[in-house]
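First up is the structure itself, then whatever we jot down about it.
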Amino acid sequence: MILAIMGSPRRGGNSDLLLDEFLKGVRDGGGEFEKISVRDLNISPCQGCRACKETGECVISDDMQSIYGKLLTADKIVISAPNYFYGLPAQCKALIDRCQALWARKRILRGESDSSPKEAFALLVGATGGKELFTGPLMTIRYFLESLAARLTGSLLYRKIEKLGDIKNHPTALKEAYRSGVKFGNSHLTQNL
Ligand SMILES: Cc1cc2nc3c(=O)[nH]c(=O)nc-3n(C[C@H](O)[C@H](O)[C@H](O)COP(=O)(O)O)c2cc1C
């Protein structure tokens, strides 16, 4: 099962359209997925209380409690998000920051994650065109994935995508997302992560 994380607060936005196309590819390739959207979830920011350091569990009682299990048991992860100030939207970052509890679990388990090794894919969009546009979001995503014993094996990054639906006018984006979804849904880990 692929866990698909929709990381934009904008419903039907560019990253949402890209992710849906990617997931069409997954489905047509015979893969299964569950999509979660951060905008529909009540996930508080990490309070930095460090309680998880001792227990590996987060003390905040909200929708994140049901997401931990999905993250740990998914075979693969795909995350789609827009660039916000060279980072990720706050709702998406809140989910990621709450994975500090998974880092703590790893430490408690002496470096062994209780997450199965998995591969991951990122879909990112941004309005401007700079070379470093995706450096920040990609770094955040890589370290988020590390808390899950997951590795980023592919990404599609689209610059100059701003207004609602701009991605539909991109000459190749939706086709590339579909094809990547087919491939990702069918791929198997070939090496130890
Ligand atoms: C709060 C906010 C911050 C943004 N910051 C950036 C930015 O730093 N660089 C950039 O290129 N685009 C930035 N954008 C533009 C979005 O990345 C762009 O509109 C994107 O296509 C939105 O994707 P979505 O439709 O999936 O939400 C920002 C947009 C918002 C609302």
Side-chain angles (χ1 to χ4, degrees), residues 2-29 31 33-48 62-64 67 70-71 74 76-100 119-145 148 150 152-185:
I2 296 170
L3 182 66
I5 303 170
M6 197 324 82
S8 175
R10 180 152 74 165
R11 192 178 298 279
N14 296 308
S15 49
D16 211 358
L17 292 168
L18 264 181
L19 181 59
D20 283 347
E21 214 51 35
F22 183 96
L23 294 175
K24 248 187 233 167
V26 167
R27 194 194 50 218
D28 290 352
F33 63 84
E34 178 181 354
K35 180 180 170 184
I36 59 169
S37 297
V38 293
R39 63 173 165 262
D40 298 329
L41 296 166
N42 170 31
I43 301 178
S44 299
C46 171
Q47 305 299 329
D62 62 11
D63 289 344
M64 190 61 199
I67 303 299
K70 294 184 199 289
L71 289 167
K76 300 176 193 179
I77 307 245
V78 53
I79 179 165
S80 186
N83 189 309
Y84 273 19
F85 284 88
Y86 289 77
L88 294 165
Q91 296 87 337
C92 184
K93 188 60 164 43
L95 182 153
I96 290 176
D97 287 352
R98 293 281 297 283
C99 289
Q100 183 66 11
E119 61 179 309
F121 200 98
L123 301 160
L124 296 171
V125 293
T128 57
K131 194 168 145 257
E132 300 291 347
L133 185 58
F134 297 113
T135 305
L138 279 174
M139 187 77 97
T140 300
I141 287 170
R142 282 208 179 91
Y143 281 95
F144 155 58
L145 293 170
L148 293 167
L152 196 63
T153 55
S155 61
L156 290 173
L157 313 173
Y158 296 105
R159 293 171 168 79
K160 300 195 183 299
I161 301 295
E162 183 170 17
K163 295 189 289 299
L164 196 70
D166 267 358
I167 200 73
K168 289 188 200 160
N169 300 321
H170 187 284
T172 56
L174 294 180
K175 280 192 200 86
E176 285 165 348
Y178 177 84
R179 279 200 295 266
S180 297
V182 174
K183 218 168 126 196
F184 187 70

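Every number for a ligand or one of its atoms is a count from 1 in the order of the listing. Since we're looking at a predicted model, the values are computed, not measured.
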Notebook entry, point to check: Which atoms from ligand 1 have a heavy atom of V125 less than 4.0 Å away?
Noted result: 17 (O), 20 (C), 21 (O), 23 (O)

Item checked: Member of L3, L145, I36 meeting the side-chain contact (heavy atoms from CB on, under 4.5 Å) criterion with L71 -> L3

Checklist line | Heavy-atom nearest option to atom 17 (O) of ligand 1, drawn from L88, D16, N83 | finding: N83

Notebook entry, point to check: Starting from atom 26 (O) of ligand 1, which protein heavy atom do you reach first, and at what distance in Å?
Noted result: S15 OG, 2.5 Å

Note to self: Among all the protein's non-hydrogen atoms, which is closest to atom 30 (C) of ligand 1, and how far away is it?
What the structure shows: Y84 CE1, 3.4 Å

Note to self: Need the ligand 1 atom indices (1-based, order shown) with element for anything under 4.0 Å from a heavy-atom of G126.
What the structure shows: 11 (O), 17 (O)

Next item on the list: Report the nearest protein non-hydrogen atom to atom 21 (O) of ligand 1: residue, atom name, distance rounded to 0.1 Å.
Entry: I161 O, 2.7 Å

Next item on the list: For G7 and C92, work out which heavy atoms get closest and say how close.
Entry: O-CB, 3.5 Å

Notebook entry, point to check: Is the shortest N/O to N/O distance between G13 and ligand 1 below 3.5 Å?
Noted result: no

Check: Which atoms of ligand 1 have any heavy atom of Y86 under 4.0 Å away?
Finding: 8 (O)

Note to self: Do I5 and L19 have side chains that approach each other closer than 4.5 Å (heavy atoms only, starting at C-beta)?
What the structure shows: no

Next item on the list: For T128, counting its heavy atoms only, list the atoms of ligand 1 lying under 4.0 Å from any of them.
Entry: 9 (N), 10 (C), 11 (O)

Checklist line | F85-ligand 1 polar pair, N/O distance under 3.5 Å | finding: yes

Notebook entry, point to check: Would a 4.5 Å heavy-atom cut-off, applied to side chains only, mark S180 and F121 as touching?
Noted result: yes

Checklist line | Distance-minimising heavy-atom pair for R11 and D40 | finding: NH2-OD1, 3.1 Å

Note to self: Show the nearest heavy-atom pair for residues A177 and E21, with the distance to one decimal.
What the structure shows: CB-CB, 4.1 Å

Notebook entry, point to check: Hey, is D16 close enough to K35 for a salt bridge, meaning N to O under 4.0 Å?
Noted result: yes

Check: Nearest protein heavy atom to atom 23 (O) of ligand 1, by residue and atom, and its distance?
Finding: P82 CB, 3.2 Å

Checklist line | R27 and D20 ion-paired at < 4.0 Å | finding: no

Next item on the list: May I ask you to test the E119-F184 pair for a side-chain heavy-atom distance under 4.5 Å?
Entry: yes

Notebook entry, point to check: N/O to N/O below 3.5 Å, does that happen between K163 and ligand 1?
Noted result: no

Item checked: Distance from atom 19 (O) of ligand 1 to nearest protein heavy atom, with residue and atom -> E162 O, 2.9 Å

Next item on the list: Around atom 27 (O) of ligand 1, find the nearest protein heavy atom and jot down its residue, atom name and distance.
Entry: S8 OG, 2.6 Å

Note to self: I'd like to check which ligand 1 atoms, numbered from 1 as shown, lie under 4.0 Å from a non-hydrogen atom of L133.
What the structure shows: 9 (N), 10 (C), 11 (O)

Next item on the list: Identify, for atom 12 (N) of ligand 1, the protein heavy atom at the shortest distance, and state residue, atom and that distance.
Entry: A127 N, 3.2 Å

Note to self: I'd like to check D62 versus R98 (side-chain heavy atoms, cut-off strictly below 4.5 Å). Are they in contact?
What the structure shows: yes

Item checked: Residues D28 and Y178: side-chain donor-acceptor under 3.5 angstrom -> yes

Check: Is R10 close to ligand 1, meaning an N/O of one under 3.5 Å from an N/O of the other?
Finding: yes

